[in-house]
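Here is how names work: the chains are called A, B, and so on, in the same order as the sequence lines, proteins then strands, and each is numbered from 1.
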2 protein chains.
Amino acid sequence: MRLVDVDTPALLLDLDTFERNLDRLDQSLGGFKVRVRPHAKSHKCPEIALRQMAHGAVGICCQKVSEAEAMLEGGVMNVMISNEVVGAAKIARLAALGKRARVSVCVDDAQNVADLDAAARAVGATLDVLIEVNVGANRCGVNPGQPVVELANRIAVSKNLRFAGLHAYQGAAQHARTPAERRNAISKAAQQVRMTLEMLHEYGIKPEIVTGAGTGTYLHEAGSGIYNEIQPGSYIFMDADYNRNLGEDGKPLRYFEQSLFVWTTVMSHATAGRAVVDAGLKALSVDSGMPLVADLPGVEFLKASDEHGVLKLPQRSPLRVGDKIRLIPGHCDPTVNLYDWIVGLRGNKVECLWPITARGAFY
Amino acid sequence: MRLVDVDTPALLLDLDTFERNLDRLDQSLGGFKVRVRPHAKSHKCPEIALRQMAHGAVGICCQKVSEAEAMLEGGVMNVMISNEVVGAAKIARLAALGKRARVSVCVDDAQNVADLDAAARAVGATLDVLIEVNVGANRCGVNPGQPVVELANRIAVSKNLRFAGLHAYQGAAQHARTPAERRNAISKAAQQVRMTLEMLHEYGIKPEIVTGAGTGTYLHEAGSGIYNEIQPGSYIFMDADYNRNLGEDGKPLRYFEQSLFVWTTVMSHATAGRAVVDAGLKALSVDSGMPLVADLPGVEFLKASDEHGVLKLPQRSPLRVGDKIRLIPGHCDPTVNLYDWIVGLRGNKVECLWPITARGAFY
């Protein structure tokens, strides 16, 4: 099937670009001694996770138990849930996964540690547990230093838990625009982790894993001498928001190329200067701004309603009703979550359909 | 099952409130002679559409062919697609639906009229066609007056199309905050439709249907003497954005009550003043602002990331890890589209699970 015959809206993946992005991550890490554990929340697709594993990833990250379940079903047998899992039903499912595959989870609460230990004991499993440390994202995680030591000691006395390390993700730094902002944020995060590690060492605790990092900052974590595992996710796809990050020369960085697009049809062009496409809020997440129009300089995506995207056209635009165009999503992760499959393209031909089996897997 | 045992995130519908909202729409329309054709893009759920039909609705509106297909599968046999349908594949599916049920569609383009006619002829169907008129929303639709006459004449000579009327939805007015803004916008829209109707009458064309209106303005269309069909959608659910619309007394209107909630768990509370819930961008659409926290005065939903919602807590908040709370979505339609089923509650007990069969139906 040719691209032009693919009905819209559809989620397109340019396979050549996707594969170049996989290679580029490897190339950029040539001088560093870090393991790669890409984040599957970006793609929710075992086909992609398996390709990342084939590229040397030690496993993948998920945010939810149901995401991890989908990945295990798809043959990915090493999953870190880079998030807290709370509630008896979810914890029981997590413990069951721990019997089937290598699964780890994060904690930032003493009662949650006790709940995880009890659930693992009930099924005869041992769960790897990482302590989430707040290194500036101000979301989950205990503060660096003494709170980490206290929680590590609780894990140490929990018979069915194994203390696996620290999860110290600085999410707020990923989209900081200038290299200096990103470098400084990760430098501070690494200092806080270093201080915490020194305190843990005093108690004889040596975390095996120190993990964090996203597509925006992973080279800083990799070069810190502190982190030994990184979790980039968006690098395979990129999006309009990540493409606004700047390099040292003040120009957009674009080390990774845009491989993900929303394919859409012009469904109305009744007025000069305005066209409407068939992709709106239910085909595109606008949380990080409107999508960009690929391939058509001067055409702007103005606003989205449920099922409509309004385009502002330049004078003498040749765009006509029925034309299909590519949009660059503002934010890749929640956009992917709106689709049931990815249309993989080799040039202008459809090569594969990859099911997004963890679509909607937020449980 | 009790509410407290429902795992999170989940989409909750308070059935008593939902049923009151159905009744209130009827009550508010007591003095008007308009047909009700609720918009199914809000709920995407045949179970709800059938209840609206049982309340006297003449049919429902959809935005997409796939949405209409899901409604027909669910037993709703009278569907107006309040939108343009473009592209050979979609038009062929639409024509096929026209053989099975009463289906109508909107147009704003002459070539699209020809394409619809040819597809209907190919399967021996007759399609009802409405002309979409731009009455201020500045999205799809031809301008009022002469452009409508020209398109109506094209439809009149299309053997497999029947000119059914005008679709004149003023979407931009629905969330205008003051009653005066909403009234003025619909007054202007009705004037433009009246002028267009007069021009059509000169050509001997008498549209059967004049349709439009949403939850924010439907009483104005109903009282206009011009519109004879209305399409409110959100009134069954409501959302944080609609709840900001004001009444004549300058206070939030709230004629319809909030029946839709996102059920979420506190998954982290490692720092005083901040808690994190397990519903983020993949469980809530934030296009119209952040959700509100129900039941807990003083607690604010600050920001959402993919799978996290960060809450700002007042001093001495009793909230603990594992507590479940209800959120009021910022915008109901794209939030519903993130879920596969609705959990219907009678008080604090689960009474039903309604599948959202048109979830992701944007084709």
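- Top candidate by heavy-atom pairs under 4.5 Å with chain B, chosen from A:T265, A:D278, A:V85, is A:D278.
- Side-chain N or O atoms of B:S66 include one that pairs as donor or acceptor with a backbone N or O of B:A361 at under 3.5 Å.
- Using a 4.5 Å cut-off on side-chain heavy atoms (C-beta onward), A:L281 and B:D333 make no contact.
- Judged by distance alone, the side chains of B:Q174 and B:T215 never bring a donor and an acceptor atom under 3.5 Å apart.
- A side-chain N or O of A:N134 and one of A:N138 form a donor-acceptor pair less than 3.5 Å apart.
- Under the 3.5 Å distance criterion, with hydrogens and angles disregarded, no donor-acceptor pair is assigned to the side chains of A:D239 and A:H331.
- Taking a cutoff of 4.0 Å between a charged side-chain nitrogen and a carboxylate oxygen, A:E67 and A:K44 qualify as a salt bridge.
- Judged by distance alone, with hydrogens and angles left aside, the side-chain atoms of B:W263 form a donor-acceptor pair with the main-chain N or O of B:V6 at under 3.5 Å.
- For chain A, the option among B:E132, B:R359, B:K41 with the highest count of heavy-atom pairs below 4.5 Å is B:R359.
- Note on B:S285, B:A270, B:G141: by heavy-atom pairs under 4.5 Å with chain A, the leading option is B:A270.
- With a 4.5 angstrom heavy-atom cutoff, A:K324 does not touch chain B via any of its atoms.
- Among A:L338, A:N83, A:L302, A:V107, the residue with the largest count of heavy-atom pairs under 4.5 Å with chain B is A:N83.
- Donor-acceptor pairing under 3.5 Å is recorded for the side chains of A:S82 and A:Q63.
- For a residue to count as touching a neighbouring chain, one of its non-hydrogen atoms must lie under 4.5 Å from one of that chain's; by this rule A:Q111 does not touch chain B.
- Interface remark: A:D108 contributes backbone and side-chain atoms alike to the contact with chain B (heavy atom separation under 4.5 Å).
- Note: B:F362 and A:Y339 have tilted aromatic rings, judged against thresholds of 30 and 60 degrees for the angle between ring planes.
- When each of B:V286, B:T271, B:D340 is scored by its heavy-atom pairs under 4.5 Å with chain A, the top score falls to B:D340.
- Only the side chain of A:D306 comes within contact range of chain B, with heavy atoms under 4.5 Å apart.
- When heavy atoms are compared at a cutoff of 4.5 Å, A:A110 does not approach chain B at all.
- Across A:K90, A:E84, A:H269, the residue that shares the most heavy-atom pairs under 4.5 angstrom with chain B is A:K90.
- Comparing A:R139, A:E307, A:M267 by heavy-atom pairs within less than 4.5 Å of chain B, the highest count is held by A:R139.
- Put simply, the side chain of B:T196 gets close to the backbone of B:G145: a donor and an acceptor are under 3.5 Å apart.
- Interface summary for chain B: among A:V266, A:D5, A:D7, the most heavy-atom pairs under 4.5 angstrom belong to A:D7.
- With a 4.5 angstrom heavy-atom cutoff, A:R320 does not touch chain B via any of its atoms.
- Options A:V310, A:V321, A:V142, A:D115 differ in how many heavy-atom pairs under 4.5 Å they form with chain B, and the most are formed by A:V321.
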